[in-house]
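Take a look at the structure set out below.
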Amino acid sequence: MKLGFSPEEELFRAECADWLNAQMAGEFRDIKGISTLTEKAERRKEWEQHLGAHGWGCIGWPKEWGGRGATLAEQVIFAEEYARAGVPGRVNHIGIELAGPTILTFGTEDQKKRFLPDIAAGNTIFCQGFSEPGAGSDLASVRTKGRLENGSWVVNGQKIWTSLAHISDWIFVVTRTEEGSKGPKGLTFLMMPIDQPGIEIRPIKQINGDAEFNETFFTDATCPEDSLIGAVGDGWRIAMGLLAFERGVSTLGQQMAFRNELDAIILDAKANGAASDSLVRQRLAKAEIGLRLMRYGALRMLSNTDHSKVDGAALTYKIQWATWRRNLGELAMDVLGQAGEVTDNADYEWTMLPNLFLYSRADTIYGGTNQIQRNLIAERGLGMPREPRGDV
Amino acid sequence: MDFRFSEDQLVLVESVRDYFSGTHGPEVLRRLDVDGNRDPAIWQALVDMGLTGLCVPEAHGGLGMGLVEAALIAAECGRVCLAEPLVDTAFVAVPWLIAKGETDKLSAIASGDHKVALPHVLNPWVADGEGKPQTSVDPLRNLAMFPASGSNDDRLLNLGALMNAAQLLGLADAMLEQAVEYAKIRTQFGQPVGAFQGIKHQLASCAVAVEFAKPVVWRAAAAMQDGLETAPVHVSHAKIAASDAAMLTAETAIQVHGAMGYTYEVDLHFWMKRSWALVGGWGDRSYHYKRLDAAVLGGSIPIGPEHTFA
Ligand SMILES: Cc1cc2nc3c(=O)[nH]c(=O)nc-3n(C[C@H](O)[C@H](O)[C@H](O)COP(=O)(O)OP(=O)(O)OC[C@H]3O[C@@H](n4cnc5c(N)ncnc54)[C@H](O)[C@@H]3O)c2cc1C
């Protein structure tokens, strides 16, 4: 066990902080502090390219694919400084955290060459086409069909809740390519360019008035034959491999963003007097403990170098942070009191903390709901008998 | 002690519920959201049913009913997420005006011609007030900036808190029902998600919270009606119990709906946001907890074997 950072690592931290702060004070000051994923999307794409041009796009990736081969500690440091500097979330987070690592792990040399440098450079934005109207928690019941025809994949069907599809260049899609197959068998993982007549995107409005996610319709949409990751029929394994990346380094950067949110609540509580309330005080203390639990937990998880095997501890991570943040949203509103109920904007647009409350309603849903997480922990982690399910 | 309602009370509630369920579905909320939030025709229907005059004495053209009836109807207003300011005008302002002996506006209120929005210092805004409009998280709530001054009267506060609690009961009931219905029709893994214990148990916990909050609210309404000295404590208890039940149900109902529950396109969010707004109004949770702890520790609720705790 070695906790804390070395002098070299602290130097690296200073380098990250200097650069990020300079950007947020300079060319990109107009995007500083944005708390939604949709605001100023075009500028945020430019920011992705700016990061890429300065070698900060995907620092954990190998150098040959546009990364820096940064150590785990360095990735943690960068993620922390990123959030601390008030830099808004990465609009290409799906490309960087999901598509990239999936291609790196399961893709061919050719696919790596085609996609990785462009993701790292911020030129290729990816979105995730997993969920369908009939396939949410039960992802294996996807019905979007893919078939090979004259050297192309032809895809028909519908995806839903596709975050940021409207600003993305590519979508990875889990398709059913074996006629009549059921469940996890017969699925293939395809990557498709979005800008084509066969793909139509319709925004879905969220409770906070924003429209971050979409319905994505495929009508004879196509992609070249070699756009699949893994083999035909191997889609489930690839999709599961991809979901495991969700528990990666990004979680540590996320915690610094959580830190910012909790700090904002603490400052508000002190300013408006809520901090003199004993209930609020204890909940703030509890939130602080919860944040530290996550931090040490994530560091422990990432220190475990054998990522090929999912251990029981790693399975516990999602439900922990999601539930913590959902509670944080409620605490924020109790601290703000009725001030949290209104916005100064004439439009239905929300500032950081009310948005936190609204947005955090979804944390326990996407990326596997709390119920599904508990099933995973109990059935895969603890080896308990599977709950009876219907005929799929 | 008898928690049963009279035949008349039950008939009243049923007729209001029937009326709302036939005319005030979610499509009305959608329409109002697009069309400016208020609809004179809905208001007129409330007037025609006598609801604006529910608590107005018969001599002034009303039905002369009390706070228990008002609380029961407020719950029905919550159930359909009614946007019109019926509760504030007819069930908060009217009893307050009567208590103060100000009767000149009562007949105009009963006839639907006069609405009353009362500023209280615990509320930073006035719902349906006259001042500069504010954007509320509840898209159907019309908030106005707090005027130069407002009342700090406790009776007004108690009436407001009681009626918010009553509305929260109806809101919670409605959200629970929406979640239960969704859990029956949404299938995953080859069965309705409601067949999974992880869903069933959560909804059952909401039902426990809501069912136990109800008699507390009724008890508070009766205590206010009877002018009990302990009424403020009952009101605080009611506000907390109803708030907790509604917030738990809101959170759970969204969860049960999955991503659907996070959209503006599914109706649930109207109820969730109304609940959120009402929970904060007329004294938030910590305000009412303080009143309770002061009563428990300060002696206004007597303790010891010689006392009961009705
Ligand atoms: C903000 C947001 C962004 C998203 N972005 C994307 C995206 O970019 N790409 C993408 O593909 N998807 C995305 N999703 C979809 C997300 O993955 C699904 O919402 C999630 O998997 C749950 O599916 P569902 O919404 O269909 O809920 P359902 O699966 O219908 O679940 C409904 C309820 O039933 C419960 N339930 C289901 N099965 C069980 C069980 N076996 N035991 C107990 N309870 C159960 C659930 O926990 C939930 O409470 C996003 C969702 C949100 C909210």
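Letters go in sequence order (proteins before strands), and every chain restarts at 1.
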Requested in this report: Among the options A/Leu358, A/Asp334, A/Val280, pick out the one with the most heavy-atom pairs lying under 4.5 Å from chain B.
Outcome: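 Most pairs with chain B among the choices: A/Leu358.
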Quick check: [Y] with [X] (ring centres under 6.0 Å apart)?
| X | Y | value |
| --- | --- | --- |
| A/Phe258 | A/Trp324 | yes |
| A/Phe213 | A/Trp161 | yes |
| A/Phe172 | A/Phe130 | yes |

Below 4.5 Å, heavy-atom pairs only: which of [options] has the largest tally toward chain A?
| options | answer |
| --- | --- |
| B/Ile254, B/Asp138, B/Thr135, B/Leu143 | B/Thr135 |
| B/Gly280, B/Ala259, B/Gly198 | B/Ala259 |
| B/Asp284, B/Asn123, B/Thr187 | B/Asn123 |
| B/Glu251, B/Glu265, B/His269, B/Arg285 | B/Glu251 |

Tell me, side chain or backbone of [X] under 4.5 Å from chain B's heavy atoms, or both, or neither?
| X | result |
| --- | --- |
| A/Arg326 | side chain |
| A/Ile204 | both |
| A/Glu330 | side chain |
| A/Tyr359 | both |
| A/Ala135 | backbone |
| A/Gln338 | both |
| A/Asn375 | neither |

Requested in this report: Would you give the length of the straight line joining atom CE of B/Met145 to atom CD of B/Glu130, rounded to the nearest 0.5 angstrom?
Outcome: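 Rounded to the nearest 0.5 Å, the CE-CD separation comes out at 15.0 Å.
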Atom group of [X] that falls short of 4.5 Å from chain A, counting heavy atoms:
| X | answer |
| --- | --- |
| B/Tyr287 | neither |
| B/Met247 | side chain |
| B/Gln197 | both |
| B/Leu278 | neither |

Query raised in the report: What pair of heavy atoms forms the shortest contact from A/Leu356 to A/Gly329, and how long is it?
Result: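 A/Leu356 and A/Gly329 have their closest heavy atoms at CG-CA, 4.1 Å.
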Query raised in the report: Does the side chain of A/Thr144 reach to within under 4.5 Å of the side chain of A/Arg176, using non-hydrogen atoms?
Result: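 With C-beta onward as the side chain, the pair stays apart.
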Query - Flag side-chain contact, heavy atom, 4.5 Å: A/Val342 against B/Trp125 - result: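 Sidechains of B/Trp125 and A/Val342: in contact.
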**Report entry** Name of the residue among A/Ile372, A/Leu376, A/Ile377, A/Thr369 meeting side-chain contact (heavy atoms from CB on, under 4.5 Å) with A/Ile319
**Finding:**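 So, applying the side-chain contact (heavy atoms from CB on, under 4.5 Å) to A/Ile319 and each of A/Ile372, A/Leu376, A/Ile377, A/Thr369, only A/Ile377 qualifies.
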Report task. Report the C-alpha distance between B/Arg38 and B/Asp128 in whole Å, list the side-chain angles of each, state the deciding distance to 0.1 Å, and finish with yes or no for salt bridge (Lys or Arg N to Asp or Glu O under 4.0 Å). Result -> CA-CA 10 Å; B/Arg38 297 289 174 268; B/Asp128 289 273; 3.0 Å; yes
Report task. May I ask you to decide whether A/Glu341 forms a salt bridge with B/Arg141, counting only side-chain N to carboxylate O separations under 4.0 Å? Result ->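 Salt bridge flag = yes for B/Arg141 with A/Glu341.
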